[in-house]
There are 2 protein chains.
Amino acid sequence: MAGLCDTETMRVLHHPTRKSLRLSKVMHALSDPVRLSIVRSLAVRGEQPCGTFGLSVAKSTASHHFRVLREAGVIQMRAEGTQYINSLRREDLDSRFPGLIDAVLGATGPV
Amino acid sequence: MAGLCDTETMRVLHHPTRKSLRLSKVMHALSDPVRLSIVRSLAVRGEQPCGTFGLSVAKSTASHHFRVLREAGVIQMRAEGTQYINSLRREDLDSRFPGLIDAVLGATGPV
DNA sequence: CCTATTGTTCGATATAACTAGAACAATAGT
DNA sequence: ACTATTGTTCTAGTTATATCGAACAATAGG
């Protein structure tokens with residue numbers, strides 16, 4: 001039972017600040033079908049750990065995609081027990097790129 | 001002086017149909033700073049030939065970027081004399097991905 | 001016919017990206 | 001302590017992308 005802020009042992013995850021988000025990076029993060037499915041799942045079902053997305057790629061590949069999304073500023077990851085809880089950074093994205101996530105989520109048809 | 005429809009000699013440019021546009025392809029096309037600047041220029045200044053964008057890349061590189069945009073369905077190119085006139089496929093994009101182009105064009109800050 | 005203009009295509013290189021397996025790390029539970 | 005769970009990191013292979021220079025193609029205008 002860890003405290004709420006075991007700074008020493010807490011795994012470090014790099015997240016860009018809202019201001020440092022770059023459109024081209026975000027667009028690139030959203031240009032992969034696997035990552036798009038992650039984002040859509042987060043939008044629909046809310047925050048969830050990596051293992052619950054039903055991705056049809058290897059664990060290490062999934063980890064790569066979560067990292068790309070995180071480093072582009074699309075998702076936030078926080079450690080909780082043995083797992084990482086992911087969530088969409090909607091407020092930050094809406095603030096910097098108004099309408100972008102709505103458009104991505106609203107798009108129909110094949111990815 | 002060629003006619004309006006010299007089908008035999010007209011250079012063939014592949015453009016995807018509206019229905020066949022894919023979000024991941026469009027997102028990828030819009031994930032490069034050079035291509036984003038092309039799209040923004042088209043949105044602001046309207047259709048224009050390749051040579052008028054002031055791109056700081058080699059001719060062949062620019063040609064590559066125009067091709068990526070065209071094959072993703074982001075722009076339309078038509079031959080006119082010795083040049084190719086480019087235009088944004090706004091209606092098609094707005095139809096398939098409502099709000100996406102608006103969001104890209106409305107985004108502020110560094111690319 | 002010759003030349004200039006515009007942009008494409010080809011060939012080559014360098015970098016980045018996607019993929020996976022194996023090993024590792026952190027935590028939870030017994 | 002031991003084990004199971006969750007996900008990361010490392011290493012590697014394959015593919016894709018960005019870039020450029022040189023050669024080519026189509027057209028316009030002397």
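Just so it is clear, the values below take in all heavy atoms, side chains as well, and ignore hydrogens, waters and symmetry mates. All chains are named by letter (A, B, ...) in the order of the sequence lines, taking the proteins before the strands, and each is independently numbered beginning at 1.
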**Q.** Sugar-phosphate only, base, or nothing, as touched by A/His65 at under 4.0 Å among non-hydrogen atoms
**A.** sugar-phosphate
Q | Value in whole Å for how far the P atom of C/dA16 lies from CE of A/Met27 | A | 21 Å
Q) Between C/dT8, C/dT19, D/dC10, which one does the side chain of A/Ser60 approach most closely? A) D/dC10
Q) If you look at every strand shown and take non-hydrogen atoms under 4.0 Å, does A/Val34 touch a base, only sugar-phosphate, or nothing? A) nothing
Q. Nearest to the side chain of B/Ala58 - D/dC20, C/dC18, C/dG21?
A. D/dC20
Q | Between D/dT19 (C1') and B/Asp32 (CG): distance, integer Å | A | 11 Å
Q: Specify the residue among A/Arg35 and A/Glu80 whose closest nucleotide of DNA chain C lies further upstream toward the 5′ end.
A: A/Arg35
Q) Only one of A/Asn86, A/Val34, A/Leu36, A/Ile75 clears side-chain contact (heavy atoms from CB on, under 4.5 Å) with A/Leu69; which? A) A/Ile75
Q. How many Å lie between CD1 on B/Ile85 and C1' on D/dT27, as a whole number?
A. 13 Å
Q: Measure across A/Pro16 and A/Ala72 and return the closest heavy-atom pair with its distance rounded to 0.1 Å.
A: CG-C, 4.0 Å
(Q) Rounded to whole Å, how long is the line connecting atom OH of A/Tyr84 with atom P of C/dT27? (A) 9 Å
Q) Rounded to whole angstrom units, what separation is found between the CG atom of B/Leu30 and the C1' atom of D/dA18? A) 17 Å
Q.
Grouping I, L, V, M, F, W and Y whenever their side-chain heavy atoms are under 4.5 Å apart, do B/Ile85 and B/Leu93 come out in a common cluster?
A. no
Q. Of all the choices, C/dT8, C/dA28, D/dA28, which nucleotide is nearest to the side chain of A/Thr82 once you look at every atom?
A. C/dA28
Q. Between B/Leu23 and A/Arg40, what is the shortest heavy-atom contact and its length?
A. CD2-NH2, 3.7 Å
Q: In plain terms, say whether A/Asp92 and A/Lys19 are close enough for a salt bridge, that is, a side-chain N and a carboxylate O under 4.0 Å apart.
A: no
Q | B/Arg67 side-chain N/O to C/dG7 phosphate OP1/OP2 under 4.0 Å | A | no
Q: Compare the minimum distances between each of D/dG7, D/dT9, C/dA20 and the side chain of A/Cys50, then state the nucleotide with the smallest one.
A: D/dG7
Q: Give the rounded distance in Å between these two atoms: CG of A/Leu36 and C1' of C/dC18.
A: 15 Å
**Q.** For atom NZ of A/Lys59 and atom P of C/dA26, their distance in whole Å
**A.** 15 Å
Q.
Nearest whole Å is fine: how far is C/dT8 C1' from B/Arg70 CZ?
A. 10 Å
